[in-house]
Amino acid sequence: MKILIVEDDADTRALIKMLVLKRSHDVLDFEDAESAWETFQKDHFDIAIIDWVLPQMTGLELTRKIRSLAETGENADIPTYIIVATAKDSHDDLSAALDSGADDYITKPFNSKILNVRLAVAEKQIIHAIRQNKAEEQLRLSAIVFNLSDEGIMITDQDNNIILVNEAFTKITQYDAKESMGKNPRFLQSNLQDRAFFKKMWHTIHDQDFWQGEIWNRRKEGEVYSEWLTIRVQRNEKGEITNYVGVFSDKSQGIRAKQELLYAQNHDRLTRLPNRFQFVETVRYAISVSKKTKKEIAVFFIDINRFKLINETFGQGMGDYFLQMVASRLKKVVASEENLARVGGDEFTLLLEDIQNLQDVTQIAQKIINDFQTPFMIQNSEIMVTVCIGIAMYPNDGNDALVLLRNADSAVYKAKEIGINNYQFYTPEINARAFEQLTLEIQLRKSIKENQLLIYYQPQWEIGSKKMLGMEALLRWKHPELGMVSPAKFIPLAEENGLIIPMSEWIIESVIRQILEWKSQGYLEYRVAINTSARQFHESDIIGFLEKMLAQYAIDSSSLELELTERVTMREGSQSIDKLVKIREMGIHLSLDDFGTGYSSLSYLQKFPIDLLKIDQSFIKNLNIRMEDAAIVKTIIAMGKSLRMKTIAEGVETEEQRKFLHENGCDYGQGFLISPALPASEIVSFFEKTEK
Ligand code: C2E
Ligand code: MG
Ligand code: MG
């Protein structure tokens with residue numbers, strides 16, 4: 001503390017000074033009130049010890065002056081503690097001194113013990129005042145914070161009646177402090193949460209002195225809102241509850257505001273479609289997904305050709321309306337509006353994901369072009385517009401969203417050069433591929449009629465004795481110019497455009513006729529396995545068709561086997577199982593093709609009425625090279641045994657492979673080791689061999 005001493009007697013002054021210093025305070029001492037006053041005006045002192053009788057200015061005057069002064073400096077809020085020193089017994093002086101504003105007095109001549117006590121009292125008073133001052137300050141600050149908080153705060157007493165609320169409370173609930181005072185916070189309830197909810201809440205509060213959760217309350221004007229509320233219990237030293245403090249934020253407002261802001265940032269106001277910014281993000285995300293799925297994606301840049309003219313002819317208002325109509329036409333083409341965007345005046349973009357086949361892309365492009373051939377109605381006039389579409393593919397045309405967008409944009413220019421209403425891929429090779437597929441499709445449609453489709457048969461045999469078991473029917477397309485086209489190339493295409501269904505039915509009927517023909521030639525009725533396509537299985541009435549076939553032809557149903565892949569059977573789980581069960585009940589055999597490449601679990605397989613597991617040829621190929629493949633094959637065989645299914649290995653090419661399979665308990669084989677797929681006429685030689 002800083003102490004000021006005013007004493008004209010040098011000895012007394014020295015004595016006081018010594019005592020003060022001993023109490024480790026800073027001290028300044030003066031002989032007269034005049035110079036003390038000068039210093040005092042510049043600096044704050046915690047304690048002043050002032051002699052009453054001084055030359056010119058008296059202690060009384062100095063005390064008055066100090067009291068009238070608004071002090072500055074540290075602790076200036078706390079008035080200087082003034083002790084006056086007077087002659088003993090001068091009572092008049094004493095009361096005058098206290099009246100002038102002194103806090104204490106001490107009589108002369110000094111007794112150092114008493115002065116010490118007086119100083120100690122003064123210090124205590126000052127310390128107390130400082131503390132109180134700080135506490136008040138803190139209280140003031142707390143009140144500011146309390147009211148500045150964005151979170152609503154309410155404090156209730158031990159009976160849970162509101163005693164204090166802040167400004168945010170009023171903002172959120174629309175009840176002001178006066179209206180809320182003394183009420184139980186229950187008055188805010190929306191009644192959307194039941195009593196059990198509150199019972200549980202109170203149980204937690206009393207158990208843990210704390211609760212946090214979402215509450216649905218009702219504002220004064222009636223609107224229900226959700227708040228995130230935290231309740232804490234305050235207890236006194238005895239552990240009794242004194243208060244509950246509830247702090248809450250208005251969830252609905254925050255979320256709504258954020259959502260609105262986000263929406264505005266990411267969408268085009270006119271068409272309500274995502275804007276360029278958002279589209280780029282969507283493409284970025286699609287790229288990251290595509291990296292995992294390994295499926296291609298396509299970015300379309302769609303340019304509307306006569307927009308400028310419309311704007312100039314009909315005015316901007318109509319132009320805007322036109323763009324909205326364009327947007328809604330485009331929306332009909334896409335699965336999700338989030339994949340469509342307006343990126344410029346008359347420029348739209350579209351993202352296609354999960355592309356299986358180039359046709360997925362060309363079909364959509366063609367559909368957009370076709371849709372725009374219908375005129376737009378603007379002020380009773382029919383307006384024709386044309387579109388050009390540029391397409392960039394990932395990963396072929398760029399690794400990054402912006403590059404894809406740019407390349408799609410530059411493909412638009414190519415499309416424009418070629419003419420109106422067309423689409424172009426960024427990469428010439430893809431254009432060629434798309435063209436090839438297009439012509440391939442046209443030709444495939446003709447293939448059945450023109451007898452270009454043939455069925456080859458590949459023998460299946462017992463792994464040990466090599467005795468013939470049956471055959472797999474494999475489709476061949478004898479193209480007049482291209483020669484033999486692989487089914488791997490045209491089956492997916494037929495699957496895509498739906499041709500697979502009539503094709504599959506044609507195959508089944510042809511196989512049945514072939515079996516009967518062999519029979520009429522005096523051979524045994526061998527079983528023939530027929531590959532089943534996904535669309536045939538899921539989308540056509542396969543059961544009805546098979547029933548019809550069995551009724552029409554005098555064939556033993558057990559001469560037929562349907563091959564399905566895991567991918568096909570796993571789709572639409574229980575519905576697929578029902579179908580399989582029905583087919584099996586008709587006496588037709590079932591096998592699981594390409595087994596090991598899918599993800600069927602043992603428990604899942606158990607539900608299938610499958611007779612035969614066809615171990616995929618990829619595992620057989622490296623049987624004697626890769627340990628893992630050998631292990632997988634052994635596992636599949638063991639699995640088959642435990643499920644009471646037979647196993648057949650596809651693509652057996654060497655004697656070594658056959659031996660391994662035989663030793664490990666595989667039942668049958670199929671592959672070049674014995675024979676590739678052959679035309680029906682050549683298969684006969686196999687029958688002869690085994691039937692001898
Ligand atoms: P898949 O059903 O797994 O047929 C086995 C494929 O392996 C056949 O090819 C067959 O010729 C070939 N292969 C047989 N033995 C060997 C061998 O030892 N080594 C090698 N490297 N390959 C062998 P393909 O005929 O090209 O058929 C390919 C795929 O096309 C078939 O696979 C099947 O999924 C599909 N497919 C073929 N014909 C039809 C059909 O009539 N209908 C349907 N829906 N799909 C068919
Ligand atoms: Mg097969
Ligand atoms: Mg296979």
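Atoms within a ligand are numbered from 1 in the order they appear, just like the ligands themselves.
- Looking at Q617 against ligand 1, only its side chain comes within 4.0 Å, counting heavy atoms.
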Before giving the answer on ring-ring contact (aromatic ring centres under 6.0 Å, His included), spell out for F687 and W518 the whole-Å C-alpha distance, their side-chain angles and the decisive distance to 0.1 Å. CA-CA 10 Å; F687 301 161; W518 282 325; 5.1 Å; yes
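- In this structure, the side chain of R329 engages the main chain of D371 through a donor-acceptor pair within 3.5 Å.
- Contacts of K621 with ligand 1, taken as heavy-atom pairs under 4.0 Å, are absent altogether.
- When each atom of ligand 1 is checked for a heavy atom of E563 under 4.0 Å away, the hits are 2 (O).
- The residue from I491, T565, I530 that puts a heavy atom closest to atom 36 (N) of ligand 1 is I491.
- Nearest residue to atom 11 (O) of ligand 1 from Q536, E472, R476 is R476 (criterion: closest heavy atom).
- Heavy atoms of E650 found under 4.0 angstrom from ligand 1 belong exclusively to the side chain.
- Taking 4.0 Å as the cut-off between side-chain N and carboxylate O, K659 and E656 do not count as a salt-bridged pair.
- Residue E472: an N/O/S atom is found under 2.8 Å from the Mg ion (ligand 2).
- Residue contacts with ligand 1, taken as heavy atom pairs separated by less than 4.0 Å, involve V652 solely via the backbone atoms N, CA, C and O.
- Within D593, the N/O/S atom positioned nearest the Mg ion (ligand 2) carries the name OD2.
- Every atom of ligand 1 with a heavy atom of G671 under 4.0 Å away is listed here by number and element: 15 (N), 18 (O).
- A donor-acceptor contact shorter than 3.5 Å is absent between the side chain of E347 and the backbone of I302.
- When heavy-atom distances to ligand 1 are checked against a 4.0 Å cut-off, N531 comes that close through both its backbone and its side chain.
- Ring to ring, Y668 and W461 are not that close: their centroids are 6.0 angstrom or more apart.
- Short contacts between ligand 1 and E653, defined as distances under 4.0 Å to a heavy atom of the residue, involve ligand atoms 17 (C), 18 (O), 19 (N), 20 (C), 21 (N).
- For the residue pair H479 and Q452, no side-chain donor N or O sits within less than 3.5 Å of a side-chain acceptor on the partner.
- E563 contributes OE1 as its N, O or S atom closest to the Mg ion (ligand 2).
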